[in-house]
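Heavy-atom basis, side chains included; hydrogens, waters and symmetry copies ignored. As the structure is a computational prediction, the values presented were derived from the model and not from experiment. Note that the numbering runs from 1 along the sequence shown for the chain.
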Amino acid sequence: QVQLVESGGGLVQPGGSLRLSCAASGIIVSMYHMAWYRQPPGQQRELVARISRGGSTNYADSVKGRFTISRDNAKNTVYLQMNSLKPEDTTEYFCNVDGPYRDYWGQGTQVTVSS
């Protein structure tokens, strides 16, 4: 019943921007902690950004000042605005929610940063 659908990934040049979307159904995003994760090649899965039920945010050190997580409660959607993108940001990004019974994950959206 709970479903997270990601979109917005693609190919962008270094220094460019992308906006990822995570459209949720079966849950109300304002009632749960929502997060974006990634796993760059050769690295462990990384928490990129999190937004709490109250709206507070946390970011990985590697993206602070460049990425912004937000939500639109009317659209029941969580966003990740990515600016000043670097080649090191290249990987698949996943939306996550700590749901009422278990964690839920989206299918992922690929981000490639290359000149």
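Between Ala49 and Leu80, the shortest heavy-atom distance links the atoms CB-CD1, 4.0 Å. Of all heavy-atom pairs spanning Ser30 and Arg53, the tightest one is O-CG, 3.3 Å. The two atoms that bring Pro14 and Ser115 nearest to each other are CD-N, 3.6 Å, heavy atoms only. Scanning both residues, Thr109 and Gly9, for their nearest heavy atoms gives OG1-N, 3.1 Å. For Ser62 against Arg38, the heavy-atom pair with the smallest separation is OG-NH2, 3.2 Å. Of all the heavy atoms in Gln81 and Ser17, the pair that sits closest is NE2-CB, 4.0 Å.
The ring-ring contact (aromatic ring centres under 6.0 Å, His included) test applied to Tyr37 returns Trp105, not counting sequence neighbours. For the side-chain contact (heavy atoms from CB on, under 4.5 Å) test, residues two or more places apart in sequence or in another chain that qualify with Ser21 are Ser7, Thr77, Tyr79. In this structure, Asn96 has no side chain to side chain donor-acceptor pair (under 3.5 Å) partners at least two apart in sequence or on a different chain.
Salt bridge absent: Asp89 and Lys86 never bring a charged side-chain N and a carboxylate O closer than 4.0 Å.
In the hydrophobic clustering of ILVMFWY residues, with side-chain heavy atoms under 4.5 Å counting as a link, Tyr59 and Phe94 come out apart. Both Val97 and Met31 sit in one connected hydrophobic cluster of ILVMFWY residues. Membership requires side-chain heavy atoms under 4.5 Å apart, directly or through other members.
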Practice problem: Starting from the C-alpha separation in whole Å, work towards a yes-or-no answer on side chain to side chain contact (heavy atoms under 4.5 Å, CB included) for Glu6 and Trp36. | Solution: CA-CA 10 Å; Glu6 298 130 327; Trp36 288 94; 3.9 Å; yes
Exercise. Go through the steps to decide whether Leu85 and Phe67 satisfy the test side chain to side chain contact (heavy atoms under 4.5 Å, CB included), and finish with yes or no.
Key: CA-CA 9 Å; Leu85 283 162; Phe67 291 10; 3.8 Å; yes
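In this structure the side chain of Met82 reaches within 4.5 angstrom of the side chain of Tyr93, judged on heavy atoms. A heavy-atom distance below 4.5 Å is found between the side chains of Val111 and Leu20. Side-chain contact check for Thr90 versus Gln110: some heavy-atom pair is nearer than 4.5 Å.
In this structure a side-chain-to-backbone donor-acceptor pair under 3.5 Å is missing from Tyr32 to Pro100. Not a single donor-acceptor pair under 3.5 Å links the side chain of Thr57 to the backbone N or O of Ile51. With hydrogens and angles disregarded, a donor-acceptor distance shorter than 3.5 Å links the side chain of Asn76 to the backbone of Val29.
For Gln13, the CD atom sits in a loose shell: 12 or fewer heavy atoms of surrounding residues, nucleotides or ligands are nearer than 6.0 Å. In the displayed structure, Arg50 atom CZ is contacted under 6.0 Å by at most 12 heavy atoms of other residues, nucleotides or ligands.
Considering CD of Gln39 and CD of Gln44, their distance stands at 7.0 Å, rounded to 0.5 Å. In this structure, CD on Gln107 lies 8.0 Å from CD on Glu92, to the nearest 0.5 angstrom.
Between the side chains of Gln43 and Thr91, no donor-acceptor pair is found at a separation under 3.5 Å.
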